[in-house]
Amino acid sequence: MTHPEFLPIQWKSTYLELLDQRILPGKKEFLKLSTAEDTIVAIREMAVRGAPAIAITGVFALTLGAKSKSGGVTEKETLQLLSSVLESRPTAVNLSYAIREAKHRIQGVKDWETIAKIWESYGLEMMKDDLAANKALGENGVSLFPENQSEFHIITHCNTGALATAGHGTALGVIRSLRDVGKKVVVYADETRPFLQGSRLTAFEMMEEGIECYIITDGMSGWLMNHKNIDAVLVGCDRVAANGDTANKIGTYNLGIVAKEHGVPFYVCATKDSFDLNLKSGEEIPIEMRKESEVTQFDFLKDADGKYLFPEGKTSPLGARALNPSFDITKAHLIKNFITEFGCFPPSEISDRLKSV
């Protein structure tokens, strides 16, 4: 998915265009964002999602914020802008890394025009680097699948493709790379309640690519592993602690437990910016709690005109309460290997491997 029509993030010098993922697959429309505030709302409301894409978008939000300012730079203004972007989606470590690097790059700079140019350059650099990392990750992932086998059946969760990154994708990037070396791949995409990233976005990407794909509900993975020859589970991630505990979209932990029970290898696809060695375990990873209405009704999805895609979309009794943690933590012992742009390795090797990159 490299055609410009499907690149989710497009920087236009004075504004940012984001493919609005809330209205896929019904419509392919871009949001035109000219301010930091509008870009922050787009991140928070999941017009863009996926840890790498969020980080890149966050840097362009900073750029737009800097472009809107004039006069001398104050530390208070700078910190307010950095903090407002960081708080838009707190779980994904990619965004915090990007904010930290953005702050570092403007040390000693005294005018907003120069800061805007520095952050613009950084955003474009991130897009280039992320695409290259995804392609390398995909190629490394191919090595984990037997060369003499012609067909693979793979379960995925959430969306980990071009829509979640600068292009190609992480877990879906491995699937694309398997296809590109001549393998047939059959994908079973968890629908990923409550925001339906699997059924709306992963299925959309696979259909665009001509890769065979079946949507399953999040509770069907056990049945599937009993009745189909599943070769692997491939998921992405938003943050990995030093011990290998991994935060990913809610439902990933369940999938890891089921895979372990059935002896199916569970692979986490992660670029280097997903690892956070400052955190000892998954217990220290912050988990974002989202709106109850995303669980109790479908009408949180809107089209470009602000109209509900699912009118009368309530699925629960009026007044029913819901919990909506956006992520869960998959324990390291459930993960067979991490697939990265710098190789494939088990959780026990994280620290040593990261020292070499």
(message) Quick check: is Trp223 connected to Ile215 through a chain of hydrophobic side chains (ILVMFWY, heavy atoms under 4.5 Å apart)?
(response) no

(request) Answer whether the closest heavy-atom distance between the side chains of Leu137 and His168 falls below 4.5 Å. (result) no

(message) So that I can tick it off, tell me whether Glu284 and Lys280 are bridged by a salt bridge, with the cut-off set at under 4.0 angstrom between side-chain N and carboxylate O.
(response) no

(message) Show, in sequence, the C-alpha distance, side-chain angles and deciding distance for Ile175 and Thr156, and conclude whether the side chain to side chain contact (heavy atoms under 4.5 Å, CB included) test is met.
(response) CA-CA 10 Å; Ile175 289 168; Thr156 69; 3.7 Å; yes

(message) Once you measure the plane-to-plane angle for Phe145 and Phe152, does it fall in the parallel (<30°), tilted (30-60°) or perpendicular (>60°) bin?
(response) perpendicular

(message) For a 4.5 angstrom cut-off between non-hydrogen side-chain atoms, does Gln21 reach Gln197?
(response) no

(request) May I ask you to decide whether Lys272 forms a salt bridge with Glu341, counting only side-chain N to carboxylate O separations under 4.0 Å? (result) no

(message) Check this for me: does any side-chain nitrogen of one of Glu208 and Lys28 sit under 4.0 Å from a carboxylate oxygen of the other?
(response) yes

(request) Evaluate side chain to side chain contact (heavy atoms under 4.5 Å, CB included) for Val268 paired with Leu234, printing each intermediate quantity in order. (result) CA-CA 6 Å; Val268 173; Leu234 286 174; over 6 Å; no

(request) Check Tyr15 against Lys32 and note the closest heavy-atom contact, atom names and distance. (result) CD1-CG, 3.5 Å

(message) Please determine whether residues Leu64 and Leu31 belong to a single hydrophobic cluster, defined as Ile, Leu, Val, Met, Phe, Trp and Tyr linked transitively by side-chain heavy-atom distances below 4.5 Å.
(response) yes

(request) Please lay out, stage by stage, how Val186 and Tyr188 fare under the test side chain to side chain contact (heavy atoms under 4.5 Å, CB included). (result) CA-CA 7 Å; Val186 180; Tyr188 300 93; 3.8 Å; yes

(request) Examine Lys336 relative to Phe266 and say whether NZ or CZ is less than 6.0 Å from the centre of the six-membered ring and inside a 45° cone about the ring axis. (result) no

(request) Looking only at non-hydrogen atoms, find the nearest pair between Cys344 and Asn337 and report the distance. (result) C-OD1, 4.1 Å

(request) From the options Arg200, Lys249, Arg49, select the one residue that forms a side-chain hydrogen bond (donor to acceptor under 3.5 Å, both in side chains) with Asn159. (result) Arg49

(message) Taking Arg193 first and then Asp218, would you say they form a salt bridge - that is, a charged N and a carboxylate O separated by under 4.0 Å?
(response) no

(request) Determine, for Glu212 against Lys184, whether the closest basic-nitrogen to carboxylate-oxygen distance falls under 4.0 angstrom. (result) yes

(message) Less than 4.0 angstrom from a charged side-chain N to a carboxylate O is my criterion; do Glu151 and Lys183 meet it?
(response) no

(request) Write down the atom of Ala98, the atom of Val59, and the distance for their closest heavy-atom approach. (result) CB-CG2, 3.9 Å

(request) Could you tell me whether Arg176 and Glu205 have a side-chain N and a carboxylate O separated by less than 4.0 Å? (result) yes

(message) Classify the ring geometry of Phe60 against Trp11: parallel below 30°, tilted from 30° to 60°, perpendicular beyond 60°.
(response) parallel

(request) Over all heavy atoms of both residues, which pair between Thr63 and Ala116 is shortest? Give the atoms and the distance, please. (result) CG2-O, 3.6 Å

(message) Please determine whether a side-chain nitrogen of the Lys or Arg among Lys117 and Glu113 lies less than 4.0 Å from a carboxylate oxygen of the Asp or Glu.
(response) yes

